[in-house]
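Encoded as structure tokens, the structure appears first; notes follow it.
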Amino acid sequence: MASLYRRALTYQADSSVLFAALRDLPYPVFLDSAFPHSERGRYDILAAAPLDTIEHFVSNTISYADNQKSFREIERLLETLEAIDEPDEALPFTGGIITALSYDGGRKIAGISDSPESKGKCQATHSHPDIFAGLYSWAIIVDHHSRSRCLVSHPATPPALLADIEQRIASAPTRSDLSFSLTSPLSTNLDETDYRKLFAKVQDYIRAGDCYQINLARRFEADYAGEPWEAYRQLRAIAAAPFSAYIELPGSCMLSFSPERFIELRKREVLTTPIKGTAPRSAIPETDRALAEALQASEKDRAENLMIVDLLRNDIGRCCEPGSIRVDKLFELQSFQTVHHLVSSIRGRLAEGISPIQLLAECFPGGSITGAPKRRAMEIIEELEPSSRSIYCGSVAYISSHGNLDSNIAIRTMLCEAGKLYCWSGGGIVADSQVELELEETWNKVGVLLDHLQKMR
């Protein structure tokens, strides 16, 4: 068995400074807890220059079984990394897979192809792959709870690469000279009139008994110039979220400011923490407190949250030991810089013979961003939404060689490619939803981000 190289580094609270020194390596990845701007997160993981990659654009024309091969390829890629002798269980990641899975890839893997209704609609063709996975043999791990930072490297890491990384760590830049700006006004694929029409169609489906909840999203876009990394660096300070991520791929950059964990796996203990229920923040303490209290008391938001709790209990239950599923927290109020959320926590114990990647594949895409029942909700989303979701509502995840897994739901997420910035936002619609409030919520979730981008020069 191989032994992991580990070297302690001087702790620094803001990991973005060090990441800037790694960005010009191939396929740089920053899994960002947004510390010190957010205290909810714990670990930052910085990596680049994977040993190998998988980049798939999943086809509508091949079978469900063939699409499932994408996850099996990821499993086989992970298996090429030799097991570590006595891995340090305190480390979240000891080399392994870091992956970005698009919602559209998950939809197609689930066997839901483009609907007849969506044919001929104006849909952006994104260069970001439906499924990206890199085999990263080294990483910088930052633990903000223990105020520690270290470089870990698998023996498979090429010596010249490790030496280059050591040099970059020693000479990391201290400031940014980059710029970013939007060069056109923001536009949306669903203005108020169109959103109202789709909202009415969702309500028709709910009244007909087709579904109980549908997550309806709209997309904003604008032209941009400059470096997406500079946009990310500034936005993380004003919309800090514990499951943020920045990934550069050939032809695209993904900027995610997600507050939502999808699935975590530690020592075969599974945790999923869906968000359903959102209220804006206010700079006035009394108003902010009233908004939070109203969210906690909202029967509509609590019902919406409970539907997704039941859905995710079923999803992880397919991979967990019978009788091990439990709901630890229900409707917990969590407050972030721009919004309040209701968050629930569901746990289970992974069944023997089920791998971390199988768990991820069985549950993807996350039920909190589809609706219930899950498959029918995805069919309705495909029929109604005029544009593809790409990475939005997908997931960024790591699967460590020693069995750990953690992942986000890629909400509050932007995609920069070919001079265009795309940003999506949505919300769950149930029988007693009010269209004005739902439309307002889609802006509340990303408005602070987009307003800041419009001011950047």
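Computed from a predicted model, the values in this text were never measured in an experiment.
Side chains of Tyr224 and Cys416 form a contact here, defined as non-hydrogen atoms less than 4.5 Å apart. No side-chain heavy atom of Phe180 sits under 4.5 Å from any side-chain heavy atom of Tyr232. Between Tyr195 and Glu438 the shortest side-chain heavy-atom distance falls below 4.5 Å. Between Ser15 and Asp32 the shortest side-chain heavy-atom distance does not fall below 4.5 Å. When side chains are defined from C-beta on, Leu135 counts as touching Ile97, because their heavy atoms get closer than 4.5 Å. With a 4.5 Å cut-off on side-chain heavy atoms, Leu51 and Pro158 count as touching. The side-chain heavy atoms of Leu91 and Arg6, taken from C-beta on, include a pair separated by under 4.5 Å. Considering only heavy atoms from C-beta on, Ile381 comes within 4.5 Å of Arg389 through its side chain.
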message: Checking Leu18 against Val142 for the side-chain contact (heavy atoms from CB on, under 4.5 Å) test, could you report, in this order, the C-alpha distance in whole Å, the side-chain angles of both residues, the deciding distance, and whether it holds?
response: CA-CA 11 Å; Leu18 182 54; Val142 185; over 6 Å; no
message: One pair to check against side-chain contact (heavy atoms from CB on, under 4.5 Å): Val309 and Ile346. What are the steps and the verdict?
response: CA-CA 7 Å; Val309 168; Ile346 307 109; 4.1 Å; yes
task: May I have the step-by-step check of side-chain contact (heavy atoms from CB on, under 4.5 Å) for Phe71 and Leu101, ending in yes or no?
output: CA-CA 10 Å; Phe71 281 101; Leu101 307 169; 3.9 Å; yes
message: Pair His56, Ser70 - check side-chain hydrogen bond (donor to acceptor under 3.5 Å, both in side chains), show working.
response: CA-CA 8 Å; His56 282 181; Ser70 299; 3.3 Å; yes
- request: Evaluate the criterion side-chain contact (heavy atoms from CB on, under 4.5 Å) for residue pair Phe262 and Val396; output intermediate values, then yes/no.
  value: CA-CA 9 Å; Phe262 179 27; Val396 176; over 6 Å; no
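The six-membered or imidazole ring of Tyr43 lies away from that of His145, with a centre-to-centre distance of 6.0 Å or more. Aromatic pair Trp229/Phe19: centroids less than 6.0 angstrom apart. For Tyr103 and Tyr392, the gap between ring centers reaches or exceeds 6.0 Å. Checked against the 6.0 Å centroid threshold, Tyr27 and Phe132 count as a close aromatic pair.
Separation of atoms CD (Gln454) and CG (Leu182) is listed at 6.5 Å; rounding is to 0.5 Å. Atom OG1 of residue Thr272 and atom CG of residue Leu312 lie 4.5 Å apart, to the nearest 0.5 angstrom. The structure places CD of Gln12 at 5.0 Å from CZ of Arg149, a figure rounded to the nearest 0.5 Å. Taking CG of Leu342 as the start and CD1 of Ile275 as the end, the distance is 9.5 Å to the nearest 0.5 Å. Going from atom CZ of Arg349 over to atom CD1 of Ile325 covers 12.0 Å, rounded to the nearest 0.5 Å. The CG atom of Leu405 sits 11.0 Å away from atom CG of Leu271, with the distance rounded to the nearest 0.5 Å.
When all heavy atoms of Ser368 and Asn215 are compared, the closest pair comes out as O-OD1, 3.9 Å. Of all heavy-atom pairs between Arg168 and Leu25, the closest is NH2-CD2, 3.7 Å. Closest approach of Ile369 to Pro365, counting heavy atoms only: CD1-CB, 4.2 Å. Nearest heavy atoms, Ala239 versus Phe257: O-CB, 3.9 Å. When all heavy atoms are compared, the tightest approach of Ala351 to Arg268 is O-NH2, 2.7 Å. The minimum heavy-atom distance between Ala100 and His128, with the atom names listed, is CB-NE2, 4.1 Å.
When only modelled atom types and interatomic distance are considered, Asp130 and Ser102 share a side-chain donor-acceptor pair under 3.5 Å. For Thr442 and Ser425, the side-chain atoms include no donor-acceptor pair closer than 3.5 Å. Thr94 and His402 share a donor-acceptor pair across their side chains, judged by distance under 3.5 Å alone. With 3.5 Å as the limit, one finds a donor-acceptor pair spanning the side chains of Ser148 and Ser146. Residues His154 and Tyr136 bring no donor and acceptor atom of their side chains to less than 3.5 Å of each other. In summary, the side chains of Asp44 and Ser33 do present a donor paired with an acceptor at a separation below 3.5 Å, with no hydrogens or angles considered. Between the side chains of Gln358 and Glu362, no donor-acceptor pair is found at a separation under 3.5 Å.
Between Arg281 and Asp288 there is a salt bridge, since at least one side-chain N of the basic residue sits less than 4.0 Å from a carboxylate O of the acidic one. Of the charged side-chain nitrogens involved, none lies within less than 4.0 Å of a carboxylate oxygen, so that Arg76 and Asp52 do not count as a salt-bridged pair. Salt bridge annotation for Asp14-Arg233: absent, with no cationic side-chain nitrogen under 4.0 angstrom from a carboxylate oxygen. The pair Asp104-Lys108 fails the salt-bridge criterion, with no side-chain N (NZ, NE, NH1 or NH2) lying under 4.0 Å from an Asp/Glu carboxylate O. Using a cutoff of 4.0 Å between basic side-chain nitrogens and carboxylate oxygens, Asp143 and Arg42 are scored as salt-bridged. At a threshold of 4.0 Å, the pair Arg72-Glu75 does not count as salt-bridged, since none of the basic side-chain nitrogens sits closer than that to a carboxylate oxygen.
Remark: the backbone N or O of Ser244 is not paired with any side-chain donor or acceptor of Ser258 at under 3.5 angstrom. Between the side chain of Trp138 and the main chain of Ala156, no donor-acceptor pair closer than 3.5 Å is present. Here the side chain of Asn408 pairs a donor or acceptor atom with the backbone of Phe243 at under 3.5 angstrom. Gln334 places no side-chain N or O within donor-acceptor distance of the main-chain N or O of Val343, the cut-off being under 3.5 Å. Put simply, the side chain of Asn404 gets close to the backbone of Pro92: a donor and an acceptor are under 3.5 Å apart. Remark: side-chain polar atoms of Lys445 are not paired, donor with acceptor, to backbone N or O of Arg412 under 3.5 angstrom. A distance-only check finds no donor-acceptor pair linking the side chain of Arg326 to the backbone of Arg347 [under 3.5 Å]. Judged by distance alone, with hydrogens and angles left aside, the side-chain atoms of Ser256 form no donor-acceptor pair with the main-chain N or O of Ala410 at under 3.5 Å. The main-chain N or O of Ile263 is found under 3.5 Å from a side-chain atom of Ser407 such that the two form a donor-acceptor pair. Remark: the backbone N or O of Ile411 is paired with a side-chain donor or acceptor of Thr413 at under 3.5 angstrom.
For Lys420, the NZ atom counts as densely surrounded, since its 6.0 Å shell holds more than 12 non-hydrogen atoms of other residues, nucleotides or ligands.
Relative ring orientation between His144 and Tyr11 is described as perpendicular, the plane-to-plane angle rising above 60° on a 0-90° scale split at 30° and 60°. In this structure, Phe93 and Tyr398 have perpendicular ring planes: the angle between them is above 60°, well past the 30° mark.
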